[in-house]
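What follows is a set of notes on a single structure, which appears directly below.
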Amino acid sequence: MFNLMETNRVESLHIAQDHKTGLRAIIALHSTRRGPALGGCRFLSYPNEQAAIHDAIRLAQGMSYKAELAGLELGGGKSVILRPPHVEDRAALFEAFGRVIESLNGRYITAMDSGTSSMDMDCIAQYTQHVTSTTQAGDPSPHTALGVFAGLRATVAARFGNDDLTGLRVAIQGLGHVGYALAQHLHASGAELIVSDIDQGRVELAVEELGARAVAPEALLCTPCDVLAPCGLGGVLDHPVVAKLRCGAVAGAANNQLATPAMGDELDARGILYAPDYVINAGGLIYVALTHQGRNSHDITAQLSHISQRLSEIYAEAQAHKRSPARVADSLAERLVFAD
Ligand code: NAD
């Protein structure tokens, strides 16, 4: 465990249990140098405890990088609650988790993530104020979509020489909370949409409302387009997929798009400009962080503009040093997170 913490430069790891509710939780704080560590709470079943610890540590590091490159005064953390086969009293379990978070005295702020809902966050909020994405705080997805839209424009400017989206062919994988809102922004800017979703209803809506062209989910990734926007699941860019992409750039919302770090280099070698996912999809984090701090919508809009600025910097450095944007983003984040 210490080796894993050392490799990922994790500051601390907190393990808690509550006999009465069956709570078994892991909280990884990657860094609190810039401010409290903010990051979601997962509620999933894991094959073993080691896998849960690994997930918390890996994701906490990603949150530090995301916060840093979004220009937020925050560190990165993540929590994992091991989902038991049978949940007796879900509310009581999350209330117990709220007491654990409170015991960290504000070093960790939690939020909704895979397997948790805003109602779970409401339960946590009964015992601590260090929680975001409650039902009162609102859905961050529209802000994620706005950030991705601005970042996609910056990516288009870097790849094609200007940021005019008129007639640009954008293929969107996944028309959920973020993907559909992104499609709406792109449509309003004159882009041509190519879409896929495993939910046929979402696809039909995009065809009717936005004049999108529907493509089968298995065909989308190799459909010719200018920009591919993965907005469904993570891990979509593996070696066979990267080899058959027919786009000029990849800029989408999905977390952990690269199956391995080497995929960033493969995209680069193929002349496909990749917008590092944790940079372009930081709009939701910006929204929850600033809302939690009581800041207004003007501040949120101003902070969202960091996304496209940061991407432009990354692309310029990548070009100057002949490195992939993914590598440049990782090095920059690491440098900034651990700067004295
Ligand atoms: P969502 O669940 O609302 O939407 C995902 C959509 O993708 C669904 O409509 C689903 O049917 C579709 N989908 C799943 N597999 C697919 C496949 N193989 N082909 C085509 N479509 C497929 O999720 P969301 O909130 O829109 O988030 C989308 C992605 O962005 C996720 O990876 C998420 O982690 C990431 N993200 C979201 C936010 C946010 O604010 N919601 C913030 C940062 C990152």
Side-chain angles (χ1 to χ4, degrees), residues 38-44 55 58-59 62-63 65-67 69-70 72 76 78 111-118 121 132-134 137-152 170-186 193-207 210 212-223 225 228-238 240-241 245 250-259 275-292 300 303-304 307:
L38 195 157
C41 167
R42 292 195 155 184
F43 185 45
L44 302 174
D55 206 26
R58 185 180 60 86
L59 294 164
M63 290 308 297
Y65 287 14
K66 188 185 277 208
L69 294 193
L72 295 167
K78 206 81 170 185
M112 203 169 94
D113 205 303
S114 307
T116 54
S117 68
S118 51
M121 298 303 118
T132 65
S133 50
T134 54
D139 180 9
S141 309
H143 296 85
T144 304
L146 264 178
V148 173
F149 176 63
L152 188 147
V170 183
I172 304 178
Q173 183 188 46
L175 293 166
H177 290 92
V178 181
Y180 200 87
L182 173 66
Q184 289 172 315
H185 292 304
L186 288 165
L193 302 177
I194 305 160
V195 298
S196 82
D197 198 295
I198 47 172
D199 178 344
Q200 201 48 34
R202 307 293 295 168
V203 173
E204 281 163 19
L205 198 64
V207 170
L210 311 173
R213 177 159 67 88
V215 168
E218 59 281 7
L220 185 100
L221 295 170
C222 56
T223 298
C225 61
L228 171 70
C231 296
L233 302 174
V236 284
L237 301 172
D238 58 15
V241 166
L245 290 179
V250 175
N255 277 317
N256 305 319
Q257 290 170 35
L258 303 178
D277 46 20
Y278 61 86
V279 182
I280 195 169
N281 72 14
L285 174 65
I286 290 172
Y287 172 77
V288 295
L290 297 197
T291 305
H292 188 68
I300 294 170
Q303 196 76 31
L304 281 175
I307 293 176

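Note that the structure is a prediction, hence the values are computed from the model and not measured. Just so it is clear, the values below take in all heavy atoms, side chains as well, and ignore hydrogens, waters and symmetry mates. Note that ligands are numbered from 1 as they come in the structure, with each ligand's atoms numbered from 1 the same way.
Close approach to L233 involves these atoms of ligand 1, each under 4.0 Å from a residue heavy atom: 15 (N). Listed by number with element, the atoms of ligand 1 under 4.0 angstrom from any heavy atom of S141 are 39 (C), 40 (O), 41 (N). Close approach of ligand 1 to A254 is summarised as follows: ligand atoms under 4.0 Å from at least one heavy atom of the residue are 29 (C), 30 (O), 32 (O), 35 (C). Atoms of ligand 1 lying under 4.0 Å from at least one heavy atom of Q173, given by number and element, are 19 (N), 20 (C).
Of all protein heavy atoms, the one closest to atom 5 (C) of ligand 1 is C231 O, 3.8 Å. Given atom 4 (O) of ligand 1, the protein heavy atom at minimum distance is G176 CA, 3.2 Å. The shortest contact between atom 40 (O) of ligand 1 and any protein heavy atom is with T144 OG1, 2.7 Å. Looking from atom 13 (N) of ligand 1 to the surrounding protein, the closest heavy atom is I198 CG1, 3.9 Å. Counting only heavy atoms of the protein, atom 25 (O) of ligand 1 lies nearest to H177 CB, 3.8 Å. Given atom 30 (O) of ligand 1, the protein heavy atom at minimum distance is A253 O, 3.3 Å.
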Using a 3.5 Å cut-off and no angle test, enumerate the donor-acceptor pairs between side-chain atoms of residues 142-149 and protein atoms at least two apart in sequence or in another chain.
residue: T144; atom: OG1; partner: P140; partner atom: O; Å: 3.4
residue: T144; atom: OG1; partner: G284; partner atom: N; Å: 3.1

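The structure places CD1 of I300 at 5.5 Å from CG of L290, a figure rounded to the nearest 0.5 Å. One finds the CD1 atom of I280 at 6.0 Å from the CG atom of L152 (value rounded to the nearest 0.5 Å). A distance of 7.0 Å separates CG in D113 from CG in L59, rounded to the nearest 0.5 Å. With rounding to the nearest 0.5 Å, the separation of CG in D197 from CD in E204 is 11.0 Å. In this structure, the separation between CG on L44 and SG on C41 is 9.0 Å, given to the nearest 0.5 Å. Expressed to the nearest 0.5 Å, how far CG of L220 lies from CG of L228 amounts to 6.0 Å.
The N/O atoms of G284, backbone and side chain alike, include none that comes under 3.5 Å of an N/O atom in ligand 1. Considering backbone and side-chain N/O atoms, D199 never comes within less than 3.5 Å of an N/O atom of ligand 1. Inclusion of N281 in the set of residues having an N or O under 3.5 Å from an N or O of ligand 1 is not warranted. The shortest N or O to N or O distance between N255 and ligand 1 is below 3.5 Å. Distances between N or O atoms of R202 and those of ligand 1 include no value under 3.5 Å.
For atom 11 (O) of ligand 1, a protein non-hydrogen atom is found at a distance below 4.0 Å. Distance screen at 4.0 Å: atom 15 (N) of ligand 1 has a protein heavy-atom neighbour inside the cut-off.
Ranked by closest heavy atom to atom 37 (C) of ligand 1, the top entry among V178, I172, D139 is V178. Counting only non-hydrogen atoms, the option in G232, P230, G283, G234 that gets closest to atom 32 (O) of ligand 1 is G232. Across the listed options D277, L285, D197, L221, D197 owns the non-hydrogen atom lying nearest to atom 20 (C) of ligand 1.
For the residue pair I307 and A282, the shortest heavy atom distance occurs at CD1-C, 4.0 Å.
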Query raised in the report: Can you list the steps and then say if Y180 with L210 is a side-chain contact (heavy atoms from CB on, under 4.5 Å)?
Result: CA-CA 10 Å; Y180 200 87; L210 311 173; 3.9 Å; yes

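In this structure, the side chain to side chain donor-acceptor pair (under 3.5 Å) partners of D139, at least two apart in sequence or on a different chain, are S141.
Looking at L72 and K66, their side chains never come closer than 4.5 Å, going by heavy atoms from C-beta outward.
For H177, the NE2 atom sits in a loose shell: 12 or fewer heavy atoms of surrounding residues, nucleotides or ligands are nearer than 6.0 Å.
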